[in-house]
Amino acid sequence: MRPDARILSAYLDGEVPQRFATEIEASLQRDPGLRAEYEALVALRARLNVDVPFDIAESSRRSWTEIVRRIPDRRKDLWHRRVAVPLPLFAAAAAIVLVLGGALLWMQLAQPDGTTPAIARGGDIDLTISVGGEEMERLLQWLVDKNMLGEVNIQLPEQRFQIVGEPVFVRPAQYEGGRLR
């Protein structure tokens with residue numbers, strides 16, 4: 001029986017039992033083609049077993065240098081780019097922005113009948129704000145602190161509420177243990 005490449009490799013590595021090793025040696029002596037395969041495996045093993053010194057730090061440095069070299073630096077392109085804009089074009093764009101801004105401001109402040117809005121005159125305005133919980137208390141306190149609290153209407157949700165009597169706002173300092181001071 002002629003040994004195949006796997007058996008020759010096992011023989012070369014010394015992994016074949018002695019009783020089969022003598023048969024393989026006899027086959028190598030008789031068959032020149034088998035002997036050529038065996039010599040090729042010996043040569044391959046010699047090339048693979050060469051000890052090459054390997055420096056991980058140096059290899060890492062070379063790899064990182066190559067990666068950085070291949071990646072384009074977009075930041076440099078963005079910040080060092082120059083665009084020539086003619087001065088008249090820049091002035092025209094600035095004038096258009098100013099005119100549009102002024103027109104928008106005038107449209108916001110002017111009433112349809114040509115009068116100024118109530119907030120610009122300092123008059124009373126109706127304002128609806130939806131807040132809840134602590135925000136409501138903070139909003140009311142802020143209005144009191146600014147002396148801006150006039151009439152406050154609080155709309156309660158329509159489910160499960162019954163209003164009994166008139167609601168009265170009492171500051172925390174005036175209410176103590178169920179009785180007013």
Side-chain angles (χ1 to χ4, degrees), residues 6 9 13 44-45 47-181:
R6 288 184 304 187
S9 177
D13 293 338
L44 178 63
R45 183 179 195 184
R47 282 190 307 237
L48 290 176
N49 283 336
V50 174
D51 246 354
V52 176
F54 186 72
D55 184 11
I56 293 177
E58 176 61 24
S59 176
S60 175
R61 185 193 61 75
R62 281 194 323 264
S63 297
W64 185 251
T65 303
E66 185 64 21
I67 289 169
V68 168
R69 186 185 68 76
R70 290 184 183 190
I71 296 175
D73 189 4
R74 299 277 184 214
R75 293 173 297 161
K76 187 185 299 183
D77 295 343
L78 179 66
W79 294 111
H80 294 291
R81 183 175 296 175
R82 292 182 182 215
V83 177
V85 178
L87 187 59
L89 180 64
F90 181 72
I96 289 173
V97 168
L98 285 174
V99 167
L100 287 176
L104 285 173
L105 183 63
W106 179 76
M107 287 172 54
Q108 289 294 324
L109 293 178
Q111 294 288 332
D113 60 358
T115 63
T116 56
I119 195 165
R121 289 190 314 260
D124 291 340
I125 59 170
D126 289 333
L127 178 66
T128 301
I129 300 175
S130 294
V131 294
E134 283 185 22
E135 289 84 20
M136 181 182 297
E137 292 177 20
R138 289 188 358 215
L139 175 65
L140 290 173
Q141 186 60 43
W142 182 80
L143 289 171
V144 167
D145 292 344
K146 299 293 181 184
N147 199 19
M148 298 173 67
L149 189 60
E151 181 179 326
V152 175
N153 294 323
I154 298 176
Q155 182 179 355
L156 299 174
E158 294 187 22
Q159 51 186 329
R160 294 190 204 142
F161 280 100
Q162 290 181 346
I163 298 176
V164 178
E166 286 290 318
V168 177
F169 283 103
V170 179
R171 293 184 182 191
Q174 295 175 335
Y175 183 76
E176 185 177 307
R179 62 179 201 278
L180 291 176
R181 282 200 244 168

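Along the sequence shown, the residues carry numbers beginning at 1.
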Test side chain to side chain contact (heavy atoms under 4.5 Å, CB included) applied to T65 and R62, step by step | CA-CA 5 Å; T65 303; R62 281 194 323 264; 5.7 Å; no
Count the heavy atoms belonging to other residues, nucleotides or ligands that lie under 6.0 Å from CD1 of I56, then report whether that count exceeds 12.
-> no
Value rounded to 0.5 Å, distance of CD in E58 from CZ in R61 | 4.0 Å
